[in-house]
> 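Starting off with a structure, shown below.
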Amino acid sequence: MKLILLGAPGAGKGTVAKELTKLDGSVQISTGDILRGAVQAGTELGKKADGFMKAGDLVPDDLIMGIMEERLQEDDCKKGFLLDGFPRTIPQAEALKELLTRIDIELDLAVNIDVPRDVILDRLTTRRTCSNTDCQAIYNVKSNPPKVEGKCDKCGSPVIQRADETDEAISKRLDTYNEKTAPLVGFYEKEGMLLTVTATSSEEVVKSIQSGIGK
Ligand code: ADP
């Protein structure tokens with residue numbers, strides 16, 4: 001599968017991507033995970049991205065395109081990839097289209113995971129993430145807490161609330177999404193690539209995607 005996953009922060013892009021990777025060995029590519037890894041490792045990229053991310057703003061398009069141009073040409077992408085959190089702006093979508101033509105890759109679909117705003121807000125304020133950047137497992141204090149409070153089930157590292165998951169940064173991220181990313185739905189509709197899924201359970205979303213691409 002070669003898919004773009006669209007949807008507001010908290011729509012479940014990451015969860016759906018993880019389930020899809022189990023089906024056919026496609027890799028999940030999350031620009032958010034890559035950036036958080038870079039911030040924690042203190043790389044040049046991380047230093048440039050940190051301030052934007054803490055404020056809930058988008059990281060500049062040229063930095064993101066630099067990351068993706070390299071990432072999409074790595075060997076593990078040959079089996080397929082699930083783009084989670086990218087593209088996030090119309091210029092990124094246009095640059096991606098140009099890049100894919102240049103490196104001769106064709107996408108199957110752009111999937112818009114459509115979840116009501118109240119569900120999103122509730123999920124984001126209760127979401128917790130493993131602090132180990134190689135793991136980044138996701139929990140929810142209400143619906144999916146770690147077995148031992150504050151400790152990751154998979155790797156034992158502390159489970160934390162992300163720096164951009166304060167009420168203020170969440171509301172900023174949702175506004176940014178509506179302003180900059182929501183227009184991508186129209187972009188991919190025009191490209192004839194859009195599948196919209198209105199569902200709040202990740203299993204239902206995965207099923208709709210499978211029938212949408214006939215796999
Ligand atoms: P969420 O989808 O829950 O907002 P992500 O983990 O996808 O979280 O992204 C976290 C932050 O990383 C964003 O708020 C933004 O600052 C930055 N980011 C991630 N992907 C992109 C992108 N494609 N373009 C610009 N900034 C990005």
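Order of appearance sets the numbers: ligands from 1, and atoms from 1 within every ligand. A quick note: this is a predicted structure, and the numbers were derived from the prediction, not measured.
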> Count the heavy atoms belonging to other residues, nucleotides or ligands that lie under 6.0 Å from CG of D118, then report whether that count exceeds 12.
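Counting other residues, nucleotides and ligands, CG of D118 exceeds 12 neighbours.
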
> Is a side-chain donor or acceptor of K13 paired with a backbone partner of A8 at a separation under 3.5 angstrom?
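Checked: pair present.
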
> Thinking salt bridges, do E165 and R173 make one under a 4.0 Å N-O criterion?
yes

> Are E44 and K47 ion-paired here, with the side-chain N under 4.0 Å from a carboxylate O?
yes

> Name the residues with a heavy atom less than 4.0 Å from ligand 1?
P9, K13, T31, G32, L35, R36, M53, D57, L58, V59, I64, G85, F86, R88, Q92, R127, R162, D164, R173

> Measure from the side-chain N and O atoms of T31 to the backbone N and O of G85, and report whether any donor-acceptor pair falls under 3.5 Å.
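Yes, because the side chain of T31 sits within donor-acceptor range (under 3.5 Å) of the backbone of G85.
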
> Does the D114 side chain pair with the main chain of V197, one donor and one acceptor, at a distance under 3.5 Å?
no

